[in-house]
Peer 1: 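One structure is given below, represented as structure tokens, and several questions about it will come after.
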Amino acid sequence: GGYSFVASNINKIACKYNKIIEKINESASSRLFMYDLSFEIISEKPFWGSGASSCQYLLTREMINSRDVKQATPALSTYHAHSDPLEYLMEFGIAGVVFIIICTLLWFWDFLKSSPNLESLILFVGALLCLLHSCFDMHLHILSTMIAFSIIAVASVSNSKRKESAGEN
């Protein structure tokens, strides 16, 4: 009695596990396909890029022209590169990405020289994790996430500066 119950539950768990693994493999395969297409598009206009918001049109064009229908079909459900840095490189080119990197480094430098407190450090780490996650997803193209990231990034620097100036008075 008990053995067959355990065996049937293990079988159900194994089937669910296999379905999850299949979904993960499909998602990873689809993202790698999107990355490949993105690099093809980047190579067309590497320095200045293709222009803001052009990614969705260019990726759709590349997917439609792709010979790999099995890969292109699930990827057609999205119009982004699933990597914000890749998408920025595609749209703004090397020149635009260098500008974004300079702005990010200035924010980082401003944070370091502001004598951060624990609250500012937590906000800063949260903003960095958001940036790290954007390397594998497209959430910085979602308006609400963009606004939240901006507020957190500014707060990480301004919070410690506000406390510094309060201490001076």
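Please read these numbers as outputs of a predicted model, since none were measured by experiment.
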Peer 1: Using the side-chain contact (heavy atoms from CB on, under 4.5 Å) rule, pick out the option among Asn117, Ile122, Leu118 that qualifies with Ser120.
Peer 2: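 Per the side-chain contact (heavy atoms from CB on, under 4.5 Å) rule, the option paired with Ser120 is Asn117, out of Asn117, Ile122, Leu118.
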Peer 1: Check for me whether the distance between the ring centres of Phe99 and Phe92 falls short of 6.0 Å.
Peer 2: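 Distance test on ring centres: not under 6.0 Å, no.
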Peer 1: Answer whether the closest heavy-atom distance between the side chains of Trp109 and Leu105 falls below 4.5 Å.
Peer 2: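 Sidechains of Leu105 and Trp109: no contact.
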Peer 1: What class does the angle between the rings of Trp107 and Phe149 fall in, given that below 30° is parallel, 30 to 60° is tilted and above 60° is perpendicular?
Peer 2: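 Plane angle over 60°, so perpendicular.
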Peer 1: Specify the closest pair of heavy atoms between Cys135 and Ser83, including all atoms of both residues, with the distance to one decimal.
Peer 2: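 The answer is O-OG, 2.9 Å.
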Peer 1: Are Arg61 and Glu40 ion-paired here, with the side-chain N under 4.0 Å from a carboxylate O?
Peer 2: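 Here Arg61 does not pair with Glu40 in a salt bridge, since their nearest N and O are not under 4.0 Å apart.
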Peer 1: Between atom CD1 of Ile147 and atom CD1 of Ile152, what is the distance when rounded to the nearest 0.5 Å?
Peer 2: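 Nearest 0.5 Å value for the CD1-CD1 distance: 12.0 Å.
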Peer 1: Are Leu129 and Met146 co-members of a hydrophobic cluster defined by side-chain heavy atoms under 4.5 Å apart?
Peer 2: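 Looking at the clustering, Leu129 is in a separate group from Met146.
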Peer 1: Heavy atoms only: give me the nearest Glu62-Leu37 pair and the separation to one decimal.
Peer 2: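 For Glu62 versus Leu37, the nearest heavy atoms are CB-CD2, 3.8 Å.
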Peer 1: Could you give the distance from OH (Tyr35) to NE2 (His82), rounded to the nearest 0.5 Å?
Peer 2: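 One gets 8.0 Å once the value is rounded to the nearest 0.5 Å.
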Peer 1: What is the distance from atom NZ of Lys45 to atom CD1 of Ile94, rounded to the nearest 0.5 Å?
Peer 2: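 Rounded to the nearest 0.5 Å, the NZ-CD1 separation comes out at 14.5 Å.
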Peer 1: Are Phe33 and Tyr57 connected into the same hydrophobic cluster when the rule is that any two of I, L, V, M, F, W, Y join if their side-chain heavy atoms are below 4.5 Å apart?
Peer 2: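 No.
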Peer 1: Just verifying a value: how many Å separate Ile101 CD1 and Tyr88 OH, rounded to the nearest 0.5 Å?
Peer 2: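 That separation rounds to 12.5 Å.
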Peer 1: Looking only at heavy atoms, which two atoms of Gly51 and Ser54 are closest? And how far apart?
Peer 2: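 Closest approach of Gly51 to Ser54: O-OG, 2.7 Å.
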Peer 1: Using a 4.5 Å cut-off on heavy atoms from C-beta on, say whether the side chain of Glu87 contacts that of Cys55.
Peer 2: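 Touching, per the 4.5 Å side-chain cut-off.
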Peer 1: Could you tell me which non-hydrogen atom of Thr104 sits nearest to which non-hydrogen atom of Leu131, and how far apart they are?
Peer 2: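 Here Thr104 and Leu131 meet closest at CG2-CD1, 4.2 Å.
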Peer 1: For Leu86 and Ile42, which heavy atoms make the closest approach, and how far apart are they?
Peer 2: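 Reported closest heavy-atom pair: CD2-CD1, 3.6 Å.
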Peer 1: Working to the nearest 0.5 Å, report the span between OG1 of Thr145 and CG of Asp84.
Peer 2: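 Going from OG1 on Thr145 over to CG on Asp84, the span is 9.5 Å.
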Peer 1: Side chains of Ile41 and Ser50, heavy atoms from C-beta outward: is any pair under 4.5 Å?
Peer 2: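 Yes, side chains in contact.
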Peer 1: Where is the tightest heavy-atom contact between Ser156 and Ala153, given as atom of each residue plus distance?
Peer 2: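 Smallest heavy-atom distance, with atoms named: OG-O, 2.7 Å.
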